[in-house]
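Before any comments, here is the structure.
Residue numbering restarts at 1 for every chain, and letters A, B, ... go by the order of the sequence lines.
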Amino acid sequence: MRIATWNVNSLNVRLEALLGWLERSPVGVVALQETKLTDDKFPALALRQAGYHVCYAGQKTYNGVALVSREEPREVLTALPGVDPEAKRFIAATVGGVRVVNVYVPNGQTVDSDKYREKLVWLDALESFLRQEMARHPRLVALGDFNIAPEDRDVHDPAAWAGSVLVSPPEREAFRRLLALPMVDCFRQVDGEGGRFSWWDYRAGSFRRNWGMRIDHLLASPEQAARLTGCHIDRAPRAWERPSDHTPVVAEFA
DNA sequence: ATGGTTGTACGACAA
């Protein structure tokens, strides 16, 4: 089964891109972040007509997550225990025997901000949740926009970014704690090269210059990681007209 | 590379 993650930065703007991408790249599940739609505006019909089930948790203007899947999602959960349930950043469901946990981790803004402290609290809550969830669901995938570049090779200019949000040591420690659960960083397992990014700023021609970061991840429990047969970043949609600033990351499991 | 853009929504904020 192919499992993918894509921060679409407004599903309203990106619906045609998503449908076009699904047509050329069919998946078992794609996890979406930043849908920026209330649930009454979610394009469930268009996605059902494309042959997918959907579950979603949205709000006005900000955040919003969804799972788009070939098989019906079961045991859907739309709140991460221990954090503000009003910010729609979390949705989990069981699809085809795999527990899929879709996260839009808070960006954190700057390392001296309240939002940064909230990000670290959010990551603590995620770690606790995943530890419990893995005990119940040996086949577990946690994926989404983590807003963390795990290592310097995941950053185009590590010196310029040193200590900043997305790369700061406490954030990277939180990410390593997720890996210590243990979970496998699927892309890193397959591709140890640096300079492979999933996000590029809209400004300054960043995509053209490959000034980006790898901040979108798929983490797999050991049992699920044993089935991993491939993982790649699909850069194509980032070059399409009116793109998201993120591009899809796709893992393949036997 | 600390915003040169984009999205939401119509000014300002988030990313």
Side-chain angles (χ1 to χ4, degrees), chain A residues 5-19 21 31-43 56-66 83-84 86-90 102-123 143-172 174-175 194-217 235-249:
Chain A
T5 181
W6 193 5
N7 179 326
V8 292
N9 187 19
S10 170
L11 185 53
N12 192 36
V13 174
R14 234 64 71 191
L15 179 59
E16 290 310 310
L18 174 62
L19 293 170
W21 184 74
L32 306 178
Q33 303 87 36
E34 287 204 85
T35 56
K36 298 185 176 180
L37 290 169
T38 51
D39 290 348
D40 58 303
K41 299 221 168 56
F42 192 89
Y56 41 90
Q59 67 185 92
K60 192 172 157 67
T61 309
Y62 300 118
N63 307 320
V65 286
V83 300
D84 175 15
E86 296 306 310
K88 302 304 182 185
R89 296 177 172 276
F90 175 97
N102 176 17
V103 299
Y104 175 44
V105 176
N107 172 284
Q109 205 156 54
T110 58
V111 295
D112 58 358
S113 67
D114 286 341
K115 288 182 178 178
Y116 177 81
R117 289 181 279 279
E118 287 164 13
K119 178 181 192 173
L120 296 179
V121 169
W122 208 97
L123 288 162
L143 77 174
D145 178 358
F146 285 74
N147 269 313
I148 300 171
E151 301 177 89
D152 278 354
R153 58 184 149 163
D154 301 311
V155 182
H156 81 278
D157 187 348
W161 277 86
S164 301
V165 73
L166 310 189
V167 309
S168 73
E171 292 166 80
R172 285 178 165 178
F175 191 82
R196 315 279 206 215
F197 306 136
S198 65
W199 167 84
W200 300 262
D201 196 294
Y202 281 122
R203 295 161 292 193
S206 297
F207 180 62
R208 178 174 51 79
R209 297 160 142 152
N210 199 31
W211 286 349
M213 292 203 201
R214 190 173 71 93
I215 58 176
D216 300 274
H217 307 294
R235 293 166 53 103
R238 187 61 178 79
W240 294 349
E241 199 165 333
R242 212 174 175 198
S244 170
D245 46 352
H246 298 250
T247 211
V249 185

Item to complete: Pick the P atom in B:dA1 and in B:dA12, then give their distance to the nearest Å.
Response: 29 Å
Item to complete: Select from A:Trp200 and A:Asn9 the residue whose nearest nucleotide in DNA chain B is closer to the 5' end of that strand.
Response: A:Trp200
Discussion item. Is the distance from the ring center of A:Trp240 to that of A:Trp21 below 6.0 Å?
Written reply: no
Worksheet entry | From A:Thr35, A:Asp145, A:Asp216, residue fulfilling side-chain hydrogen bond (donor to acceptor under 3.5 Å, both in side chains) relative to A:Asn7 | A:Asp145
Worksheet item: What is the nucleic acid contact for A:Thr110, judged by heavy atoms within less than 4.0 Å: base, sugar-phosphate only, or nothing?
Response: nothing
Item to complete: Quick one: label A:Tyr104 by what it contacts on the DNA or RNA (base, sugar-phosphate, nothing), any heavy atom closer than 4.0 Å.
Response: sugar-phosphate
Worksheet item: Does the side chain to side chain contact (heavy atoms under 4.5 Å, CB included) test come out yes or no for A:His246 and A:Val8, once each step is laid out?
Response: CA-CA 7 Å; A:His246 298 250; A:Val8 292; over 6 Å; no
Practice prompt. Using a 4.0 Å heavy-atom cut-off across all strands, classify A:Arg209 as base, sugar-phosphate, or nothing.
Written response: base
Discussion item. In whole Å, measure the gap between the C1' atoms of B:dG4 and B:dA9 for me.
Written reply: 23 Å
Discussion item. Can you give me the closest heavy-atom contact between A:Thr247 and A:Pro237, atom names plus distance?
Written reply: OG1-CD, 3.7 Å
Response to the item:
Note: chain A reaches DNA chain B at heavy-atom distances under 4.0 Å over the stretch, first to last nt, 5' to 3', of B:dA1 to B:dA15
Item to complete: Identify, between A:Ala160 and A:Pro243, the residue whose nearest nucleotide on DNA chain B lies closer to the 5' end.
Response: A:Ala160
Worksheet item: What integer number of Å spans the C1' atoms of B:dT6 and B:dG11?
Response: 16 Å
Worksheet item: For A:Asp157, which contact category applies under a 4.0 Å heavy-atom criterion: base, sugar-phosphate, or nothing?
Response: nothing
Worksheet item: Does any donor atom in the side chain of A:Ser10 or A:Asn12 lie under 3.5 Å from an acceptor atom in the other side chain?
Response: no
Worksheet item: Which heavy atom of A:Ala66 sits nearest a heavy atom of A:Asn102, and at what distance?
Response: O-ND2, 2.9 Å
Worksheet item: Quantified in whole Å, what is the C1' atom distance between nucleotide B:dT2 and nucleotide B:dC13?
Response: 16 Å
Worksheet item: Which part of the nucleic acid does A:Asp201 contact within heavy-atom distance under 4.0 Å: base, sugar-phosphate only, or nothing?
Response: base
Discussion item. Ignoring hydrogens, what is the shortest heavy-atom contact between A:Arg238 and A:Asp245? Give both atom names and the distance.
Written reply: NE-O, 3.2 Å
Practice prompt. Classify the nucleic acid contact of A:Arg89 as base, sugar-phosphate or nothing, counting any heavy atom under 4.0 Å across all strands shown.
Written response: sugar-phosphate
